[in-house]
Structures are given as C-alpha cells and as structure tokens.
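Structure record follows, encoded as structure tokens.
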Amino acid sequence: MASNVEYMQRAIRLAEKGRYTTEPNPRVGCVIVKDDEIVGEGWHERAGEAHAEINALAQAGSNAKDASVYVTLEPCSHTGRTPPCADALIEAGVKKVIAAMEDPNPQVSGSGLKMLLDAGIEAEHGLLEAQARALNPGFIKRMESGRPFVRVKLAMSLDGRTAMASGESQWISGEAARNDVQRMRAESSAILTGIDTVLADDPSMNVRLSAQQLDVKSVRQPKRIVLDSRLRMPAEAKILSVEGECIVYTTVNMDNDKSYPFIIETCGTQDGKINLQAMMQDLAAKEINLVHVEAGSVLCGALLKNDLVDEIIIYMAPHIMGDDAKGLFHLPELEQMKDRVSLTIKDVRSIGNDIRITARPESVQ
C-alpha cells in the first residue's frame with residue numbers, strides 16, 4: 001500500500017511533464033486514489049486546456065466518487081480560461097482532497113479549499129509543499145511579489161572571465177552545457193538581454209531543441225525582451241527573425257510615422273536609464289513568470305544591484321582567459337569587503353566538461 005507521500009510524489013512527477021508548456025499557468029499534477037489504487041491521474045499541459053484535476057477526473061470516471069485526490073496546487077475556485085476545478089471535484093463526489101500548497105493567486109488563495117470544506121469534503125494542504133513550490137518559482141514569485149522570477153545565466157572560465165577583451169565569447173562552455181541552457185530557455189516565459197549584446201553578437205535568443213528532444217508536441221518559443229534605452233535595435237537583427245514576440249524597452253519616444261518589427265514599451269527612467277523595477281512590474285502585468293537573462297556584465301550588474309536577481313546559474317569551463325578578459329558583473333561601487341554581494345550555493349554539478357553552479361543572492365532568500 002502506497003503512502004500519502006508517495007501519491008503526492010507521483011503528482012509532482014506528473015506536474016513536471018508540463019515544464020515547457022504551461023505558461024503562463026502553473027505546472028500542476030493530480031492523482032486520484034480509491035481503495036489504495038490509482039484510478040485517475042493527469043497534469044495541466046497548456047493554458048486554455050483542461051487542468052490537472054479535470055484530466056484526472058476524466059480518467060477516473062465513476063471511480064472518483066468517495067476517492068482521495070492528491071494535487072500539487074490548491075484547486076482553483078474561479079472561472080478563468082476554464083471553469084473552477086473545485087466545483088468539478090465536488091460534483092464528482094470525492095471524499096478527500098490533499099493539496100501540496102495553497103494557490104498564491106489572490107483570486108484563489110484558500111478559497112478553493114474552503115469550497116471543498118463547505119461541501120463536506122475533507123481538505124488539507126502542506127504535504128511536500130517545498131517540492132511543490134519548486135515546480136513553479138516564476139508563477140509564485142509573480143503572484144506573491146508582483147514581478148517575475150529572474151534567473152541570470154553566465155558562462156565563465158576558471159579565472160572568472162566571460163569574454164575576451166575584444167568581446168569574443170563563443171564558446172566558453174561545452175556542448176552539454178549549451179544544451180542545458182537550451183532547456184532553461186524552453187522553460188522560461190521570456191529571455192532578456194541588452195542592446196549591446198544584440199549589436200555585438202547578433203544572437204537569436206530562441207529555443208533550438210526540437211519537440212522530440214523536449215518530449216513535447218510542439219516547441220513554445222519564449223518572448224524576447226531587449227533593453228534598448230536609445231532605440232538602436234536594427235531591423236535585420238536575428239532576434240527579430242524567430243517565432244514569437246520581441247519587446248523592446250526604451251526611454252525615447254517612438255516615431256509614429258515609422259513601422260517597427262518589434263513591440264516598443266516605455267516604463268519610466270531612473271538616473272536617465274530604463275527603470276528596471278518598473279520594467280519587471282510591467283512584465284508581470286504581461287503574465288511573464290520566469291525571466292531568463294543572457295546579457296553582458298553591465299546589465300547583469302544593474303539587475304543584481306537593484307535586487308532583481310533571484311537565481312544565478314554559472315557554467316564554469318576549464319579555461320584560463322587572462323587579466324584583460326571581461327568579468328561576470330559590472331559593480332564598480334563595490335570597493336570594500338563589507339560591500340560584497342553574498343550568495344548561497346544551492347547546487348553544484350558537472351555538465352559535460354563544465355561545472356554548473358546554482359546560487360541565490362542572500363538578499364532575495
């Protein structure tokens with residue numbers, strides 16, 4: 001006989017199947033158990049389609065009556081793109097619902113569980129909550145703080161350099177690390193960079209893995225976000241030639257008589273530059289959950305200085321690039337040891353010939 005923990009672990013594994021497809025919705029898995037047997041299970045695949053509970057109920061059929069339901073996120077209680085899942089569970093006559101965590105969405109936030117309790121269904125939450133929260137860092141961050149989860153990806157040599165003095169940077173990391181980054185891009189809502197990176201490297205900033213490699217029906221391309229205060233974006237840039245939206249944030253007024261091959265947004269200035277806090281709030285309003293940053297040291301340093309970095313991913317390659325090569329973050333105001341930015345190392349592992357370090361600034365713990 002499996003335990004409650006094992007059933008919830010199964011629900012979490014199901015939720016992970018939506019890693020690349022659910023944006024802007026959270027990843028959710030559901031398992032329905034009756035007489036110690038799984039009679040239905042499902043996960044949310046993409047926004048606008050059935051939620052995890054509905055898919056699991058469809059599989060369970062009449063066996064859902066008097067069954068126990070294990071779901072990674074509190075059943076929704078409001079009508080969005082689909083009807084409330086709490087109503088569907090009540091109608092199916094389930095006996096008990098165990099949610100790993102409450103929904104951080106203010107439109108739900110406990111009301112789904114209350115609907116179940118009011119209908120005479122046992123309802124509780126908290127089982128494997130930490131693991132459930134790890135499924136949806138972006139969605140949770142956006143709901144709880146009004147801005148996306150921001151992850152900065154960097155590749156460096158053993159001596160902490162990201163590019164040669166000339167600006168040349170391809171390739172510091174190996175093929176395995178680059179494929180790993182492709183998967184990070186694929187799970188992101190948007191990829192953010194600066195205009196200097198666009199002008200210097202002309203990157204596409206898209207997901208280049210196939211649907212088969214990601215084990216999905218089709219590849220969802222994240223939005224591309226470019227910070228371009230003086231609106232220097234060239235119309236022929238590769239970042240504009242791939243599928244999906246490209247949004248350019250600037251501080252100058254657009255020429256209304258000119259047609260632009262990208263979306264232009266202004267969000268105020270700070271010290272004559274784009275207001276990064278306001279920009280992040282605007283991205284949250286656009287339902288951007290997770291921002292994946294691939295940019296130069298100036299933009300990465302500015303994000304870190306403004307406490308807008310939630311996670312840093314560094315691929316450390318077995319190379320030495322020398323004193324004149326460029327560093328990770330441009331932070332000239334750090335002059336004494338007391339000024340340094342403290343990080344907490346969350347994970348260290350080998351990816352091919354490189355080492356991947358995952359860290360979080362202590363200021364955002």
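- Taking each heavy atom of Ser111 and Ser77 in turn, the nearest pair found is OG-OG, 2.5 Å.
- In the displayed structure, Asn4 atom CG is contacted under 6.0 Å by more than 12 heavy atoms of other residues, nucleotides or ligands.
- Here Lys217 pairs with Glu45 in a salt bridge; the nearest charged N to carboxylate O distance falls below 4.0 Å.
- Between Lys95 and Ile121, the closest heavy-atom pair is O-CG2, 3.5 Å.
- Looking only at distances, a side-chain donor or acceptor of Thr251 sits under 3.5 Å from a matching main-chain atom of Ser229.
- Formation of a donor-acceptor pair under 3.5 Å by the Arg224 side chain with backbone atoms of Asn206 is not found in this model.
- Looking at Met143 and Pro106, their side chains come closer than 4.5 Å, going by heavy atoms from C-beta outward.
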Residues 35-42, side-chain donor-acceptor partners within the protein, below 3.5 Å, at least two apart:
unit_1, atom_1, unit_2, atom_2, d
Glu41, OE1, Arg10, NE, 3.1
Glu41, OE2, Arg10, NH2, 2.7

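- Side-chain atoms of Asn136 never come within 3.5 Å of backbone atoms of Ile140 as a donor-acceptor pair (strictly under, hydrogens ignored).
- The line from OG of Ser204 to CD of Glu243 is 13.0 Å long, rounded to the nearest 0.5 Å.
- With hydrophobic clusters built from ILVMFWY side chains whose heavy atoms lie under 4.5 angstrom apart, Leu135 does not share a cluster with Leu290.
- For the pair Ala237 and Val198, the tightest heavy-atom approach, listed with the atom from each and the gap, is CB-CG1, 4.1 Å.
- Two residues are said to be in side-chain contact when any heavy atoms from C-beta on lie closer than 4.5 Å; Met280 and Pro148 meet this criterion.
- Taking CD1 of Ile263 as the reference point, atom NZ of Lys223 lies at 8.0 Å (rounded to 0.5 Å).
- With hydrogens and angles disregarded, no donor-acceptor distance shorter than 3.5 Å links the side chain of Gln59 to the backbone of Ala56.
- Within the 4.5 Å cutoff, the side chain of Leu240 has no heavy atoms near those of the Pro234 side chain.
- Contact record, Lys238 with Asp202: N-OD1, 2.9 Å, taken as the closest heavy-atom pair.
- Tested against Leu299 for a side-chain contact (heavy atoms from CB on, under 4.5 Å), the candidates Leu192, Val152, Thr193, Asp196 yield a single pass: Leu192.
- A salt bridge links Arg147 to Asp310: one of the charged nitrogens lies within less than 4.0 Å of a carboxylate oxygen.
- The ring pair (Phe, Tyr, Trp, His ring centres under 6.0 Å) contacts involving residues 234-278 comprise Tyr260-Phe262, where partners must be two or more places apart or lie in separate chains.
- The hydrophobic cluster containing Val216 also includes Tyr20, Val207, Leu209, Leu214, Val219, under a criterion of side-chain heavy atoms closer than 4.5 Å among ILVMFWY residues, counted directly or through chains of members.
- Under a 3.5 Å cut-off, the side chain of Asp228 and the backbone N or O of Met233 do form a donor-acceptor pair.
- For His51, the side chain to side chain donor-acceptor pair (under 3.5 Å) partners are Thr82, not counting sequence neighbours.
- Hydrophobic clustering (side-chain heavy atoms under 4.5 Å, transitive across Ile, Leu, Val, Met, Phe, Trp, Tyr) groups Val97 together with Leu57.
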Task: Criterion side chain to side chain contact (heavy atoms under 4.5 Å, CB included) on Ser157 and Ile320, from CA distance to verdict - done: CA-CA 6 Å; Ser157 60; Ile320 302 294; 6.0 Å; no
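- Atom CD of Glu124 is surrounded by more than 12 heavy atoms from other residues, nucleotides or ligands within 6.0 Å.
- The distance from the CD1 atom of Ile247 to the CD1 atom of Ile288 is 6.0 Å, given to the nearest 0.5 Å.
- Residues passing the ring pair (Phe, Tyr, Trp, His ring centres under 6.0 Å) test with Tyr7, sequence neighbours excluded: Tyr70.
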Task: Intermediate values then yes/no, side chain to side chain contact (heavy atoms under 4.5 Å, CB included), Arg356 and Asp347 - done: CA-CA 8 Å; Arg356 189 183 75 190; Asp347 183 73; 3.9 Å; yes
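- At a threshold of 4.5 Å between non-hydrogen side-chain atoms, the residues Asp180 and Lys153 do not count as touching.
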Task: Asn25/Glu49 under side chain to side chain contact (heavy atoms under 4.5 Å, CB included): CA gap, chis, key distance, verdict - done: CA-CA 10 Å; Asn25 288 358; Glu49 297 184 4; over 6 Å; no
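- Both Met156 and Ile312 belong to a single network of hydrophobic side chains, linked directly or stepwise wherever heavy atoms of I, L, V, M, F, W or Y lie under 4.5 Å apart.
- Side-chain atoms of Ile32 and Asn63, non-hydrogen and from C-beta on, never get closer than 4.5 Å to each other.
- Every pair tested for ring pair (Phe, Tyr, Trp, His ring centres under 6.0 Å) that includes a residue from residues 110-159 fails, sequence neighbours excluded, so the list is empty.
- Shown here is Glu144, whose CD atom has more than 12 heavy atoms of other residues, nucleotides or ligands within 6.0 Å.
- Between Cys246 and Val226, the closest side-chain pair of non-hydrogen atoms falls below 4.5 Å.
- In this structure, Arg208 has no salt bridge (Lys or Arg N to Asp or Glu O under 4.0 Å) partners at least two apart in sequence or on a different chain.
- At a threshold of 4.5 Å between side-chain heavy atoms, the hydrophobic network of Ile, Leu, Val, Met, Phe, Trp and Tyr places Val242 and Ile191 in two separate groups.
- Looking at Glu311 and Thr358, their side chains come closer than 4.5 Å, going by heavy atoms from C-beta outward.
- In this structure, CG on Leu308 lies 6.0 Å from CG on Leu276, to the nearest 0.5 angstrom.
- Residue pairs meeting the salt bridge (charged side-chain N to carboxylate O under 4.0 Å, His left out) criterion with at least one partner in residues 12-21, sequence neighbours excluded, are Arg19-Glu187.
- The structure places CG of Leu73 at 11.0 Å from SG of Cys30, a figure rounded to the nearest 0.5 Å.
- Applying the side-chain hydrogen bond (donor to acceptor under 3.5 Å, both in side chains) test to pairs two or more places apart or on separate chains, those with a residue in residues 288-300 are Glu23-Asn289, Arg142-Asn289, Arg151-His292, Arg185-Glu294, His292-Glu294.
- Under the salt bridge (Lys or Arg N to Asp or Glu O under 4.0 Å) criterion, Arg183 pairs with no residue at all, not counting sequence neighbours.
- A chain of hydrophobic side-chain contacts below 4.5 Å, direct or via other Ile, Leu, Val, Met, Phe, Trp or Tyr residues, connects Met101 to Val71.
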TODO: Would you please test Ile225 and Val291 for side chain to side chain contact (heavy atoms under 4.5 Å, CB included) and show each step?
DONE: CA-CA 9 Å; Ile225 314 295; Val291 175; 5.8 Å; no
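- No donor-acceptor pair under 3.5 Å is formed between the side chain of Asn275 and the backbone N or O of Gln270.
- Between Glu74 and Asn105 the shortest side-chain heavy-atom distance does not fall below 4.5 Å.
- Atom-to-atom distance recorded for Glu122:CD and Ile98:CD1 is 8.5 Å, nearest 0.5 angstrom.
- Using a distance-only test at 3.5 Å, with no hydrogens or angles considered, no donor-acceptor pair links the side chain of Asp201 to the main chain of Pro203.
- Of all heavy-atom pairs between Thr72 and Ala132, the closest is O-CB, 3.6 Å.
- Under a 4.5 Å side-chain heavy-atom criterion applied to ILVMFWY residues, the cluster that includes Val298 comprises that residue alone.
- Residues that satisfy the salt bridge (Lys or Arg N to Asp or Glu O under 4.0 Å) test with Lys286, not counting sequence neighbours, are Glu265, Asp282.
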